[in-house]
**Q** 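Structure in structure tokens, see below.
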Amino acid sequence: MTSTSLKGKVMDVTGGATGIGAAIAKSAALAGANVIVDYVVNPQQAAQFAHNLNEWDRRNGSVEAFDADVSKVADVQALVAEAVRRYGRLDVFVNNAGIETRHSLLETTESDYDKVMSINLKGAFFGAQAAARQFIAQGTPGVIINISSVHEDWPMPGNAVYCLSKGGMRMLTRNVAVELGKKGIRVVGVAPGAVNTPINTDTVADPDKVAKLNEAIPLGAIATPEQIGDVVAFLASDAASYLTATTVVVDGGLMQASLGL
Ligand SMILES: NC(=O)c1ccc[n+]([C@@H]2O[C@H](COP(=O)([O-])OP(=O)(O)OC[C@H]3O[C@@H](n4cnc5c(N)ncnc54)[C@H](O)[C@@H]3O)[C@@H](O)[C@H]2O)c1
């Protein structure tokens, strides 16, 4: 079997100071990667990130932080440049940063729309572009992983722009994978279901909502961030070398179960 090791690989993870992004950084570092996580200046996030670093076993890889706002193209390009400055190369770029406003179509303002789309979709688009340009300049294969959501396919009434951004990410994955395949670049989507992270603070704080969700999930529980991070580390490795232009759904069976309702 081809190794799932990421030894010697260099990975950027956007929004990697919290939740799923932090778990991706952790799994990848444990698999041997040198990881740069991007975070938006926020003292609480930075403190949590420093705490995580102390807890993680970094014998094999390493994790460093770099501040970049993915809604700004120059910042995304700087994140790629930072990997090259620090480690001389980039092998994996994970578009993970994302937000939601939980407003319906009727309630959504222009500013809500622009904010969600510029972080979730514009950020991912130009992240993919900056990473692909670097892979091509290096003359090496590379992997772009887009953290979308089951809501790339599954409507969520009351969260219209979020679903729109994730639907766009679904097509970004497919289109860019087809454009870049012959250059040895893989592009893969990962669609988590419900995960216990800061984006879900309100849901996780409500025992009734948690019980309802756990009941609806065939595997019986909301995911931990690590259950997503481990899948992403595998997809980044050479063991997934024939996987591209598709989305791996990591939802404990939730979306399929919903089809039977
Ligand atoms: N938690 C879930 O249930 C779930 C389910 C499906 C998909 N997702 C997706 O997973 C990804 C990570 O979310 P999470 O659940 O870990 O929540 P989270 O809130 O912990 O993570 C989002 C991260 O994005 C960062 N971010 C926000 N704006 C940014 C900007 N302008 N530039 C750079 N970074 C920015 C935040 O600082 C944060 O670290 C998101 O794209 C989200 O849509 C989450």
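The model shown is predicted, which means the values in this text are computed figures rather than measured ones. When a ligand or atom number is given, it counts from 1 through the structure's own listing order. These numbers come from the heavy atoms of this one structure, side chains and all, not from hydrogens, waters or symmetry mates. One-based numbering along the sequence shown.
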**Q** In terms of heavy-atom contacts, does CZ of Phe66 have more than 12 from other residues, nucleotides or ligands at under 6.0 Å?
**A** yes
**Q** May I ask you to check if ligand 1 and Ile99 share an N or O to N or O distance below 3.5 Å?
**A** no
**Q** What part of Lys166, side chain from CB on, backbone N/CA/C/O, both or neither, has a heavy atom under 4.0 Å from ligand 1?
**A** side chain
**Q** Report yes if Pro192 has an N/O atom closer than 3.5 Å to an N/O atom of ligand 1; otherwise report no.
**A** no
**Q** Short list, please: which atoms of ligand 1 are under 4.0 Å from a heavy atom of Asn200?
**A** 1 (N), 2 (C), 3 (O)
**Q** Among all protein heavy atoms, pick the one closest to atom 15 (O) of ligand 1 and tell me residue, atom and distance.
**A** Thr197 OG1, 2.5 Å
**Q** Is the count of non-hydrogen atoms from other residues, nucleotides or ligands lying under 6.0 Å from Gln256 atom CD greater than 12?
**A** no
**Q** As a quick check of understanding, evaluate side chain to side chain contact (heavy atoms under 4.5 Å, CB included) for His151 and Asn159, giving each step before the final call.
**A** CA-CA 10 Å; His151 297 297; Asn159 211 358; 6.0 Å; no
**Q** Below 4.0 Å, non-hydrogen atoms only: which portion of Val70 touches ligand 1? Side chain, backbone, both or neither.
**A** both
**Q** At the 4.0 Å heavy-atom cut-off, does Lys72 count as touching ligand 1?
**A** no
**Q** Starting from atom 7 (C) of ligand 1, locate the nearest protein heavy atom and write down its residue, its atom name and how far away it is, to 0.1 Å.
**A** Ser148 O, 3.0 Å
**Q** For ligand 1, which part of Ala194 has a heavy atom less than 4.0 Å away: the side chain, the backbone, both, or neither?
**A** backbone
**Q** Using a 4.0 Å cut-off to any heavy atom of Gly98, which atoms of ligand 1 qualify?
**A** 22 (C), 24 (O), 40 (C), 41 (O)
**Q** Please verify whether a non-hydrogen atom of Ala68 lies at under 4.0 Å from ligand 1.
**A** yes
**Q** Measuring only between side-chain heavy atoms, which start at C-beta, is Thr197 closer than 4.5 Å to Ile228?
**A** no
**Q** Does an N or O from Tyr162, backbone or side chain, lie closer than 3.5 Å to an N or O of ligand 1?
**A** yes
**Q** Pair Val35, Lys26 - check side chain to side chain contact (heavy atoms under 4.5 Å, CB included), show working.
**A** CA-CA 9 Å; Val35 186; Lys26 178 181 170 184; over 6 Å; no
**Q** Below 4.0 Å from any atom of ligand 1, is there a heavy atom belonging to Ala191?
**A** no
**Q** Of Arg170, Glu152, Lys166, which is the lone residue that meets side chain to side chain donor-acceptor pair (under 3.5 Å) with Thr247?
**A** Glu152
**Q** Determine, stepwise, if the pair Tyr162 / Thr101 fulfils side chain to side chain contact (heavy atoms under 4.5 Å, CB included).
**A** CA-CA 7 Å; Tyr162 180 76; Thr101 52; over 6 Å; no
**Q** Is the side chain of Asp251 donor-acceptor paired with the backbone N or O of Leu254 at a distance under 3.5 Å, no angle test?
**A** yes
**Q** Is Val195 in polar range of ligand 1, meaning some N or O pair under 3.5 Å apart?
**A** yes
**Q** Closer than 4.0 Å to some heavy atom of Gly19 - which atoms of ligand 1 meet that?
**A** 16 (O), 20 (O)
**Q** Would you mind checking which non-hydrogen protein atom is closest to atom 41 (O) of ligand 1, with the distance to 0.1 Å?
**A** Asn96 O, 2.8 Å
**Q** Using modelled atom types and a 3.5 Å cut-off, is there a donor and acceptor pairing between side-chain atoms of Asn214 and backbone atoms of Ile222?
**A** yes
**Q** Can you tell me if Gly193 contacts ligand 1 (heavy atom of the residue under 4.0 Å from the ligand)?
**A** yes
**Q** Within the 4.0 Å heavy-atom shell around Asp69, which atoms of ligand 1 are there?
**A** 30 (C), 31 (N), 32 (N)
**Q** Take a 6.0 Å sphere around CE of Met156 and say whether it holds more than 12 heavy atoms from other residues, nucleotides or ligands.
**A** yes
**Q** Has Thr14 got any heavy atom lying under 4.0 angstrom from an atom of ligand 1?
**A** no
**Q** Check for a donor-acceptor pair, side chain of Lys122 on one end and backbone N or O of Ser71 on the other, with a separation under 3.5 Å.
**A** yes
**Q** Measure the distance from atom 26 (N) of ligand 1 to every protein heavy atom, then report the residue, atom name and distance (to 0.1 Å) of the closest one.
**A** Ala97 CB, 4.0 Å
**Q** Please report which non-hydrogen protein atom sits nearest to atom 30 (C) of ligand 1, along with the residue it belongs to and the distance in Å to one decimal place.
**A** Val40 CG2, 3.4 Å
**Q** Verify the cluster assignment for Val37 and Val10: are they in a single hydrophobic cluster under the rule of side-chain heavy atoms below 4.5 Å apart?
**A** no
**Q** For the 3.5 Å polar cut-off, considering only N or O atoms, please tell me whether Gly15 and ligand 1 meet it.
**A** yes
**Q** For ligand 1, note which part of Ile20 has a heavy atom under 4.0 Å away: side chain, backbone, both or neither.
**A** both
**Q** Looking only at protein heavy atoms, which one is nearest to atom 37 (O) of ligand 1, and what is the separation?
**A** Gln45 NE2, 2.7 Å
**Q** Checking side-chain polar atoms at under 3.5 Å, does Ser62 have a donor or acceptor matched by the opposite partner on Asn34?
**A** yes
**Q** Quick one: look up the protein heavy atom nearest atom 28 (N) of ligand 1 and list residue, atom name and how far away it is.
**A** Ile119 CD1, 3.6 Å
**Q** Any ion pair linking Lys212 and Asp206 (charged N to carboxylate O, less than 4.0 Å)?
**A** no
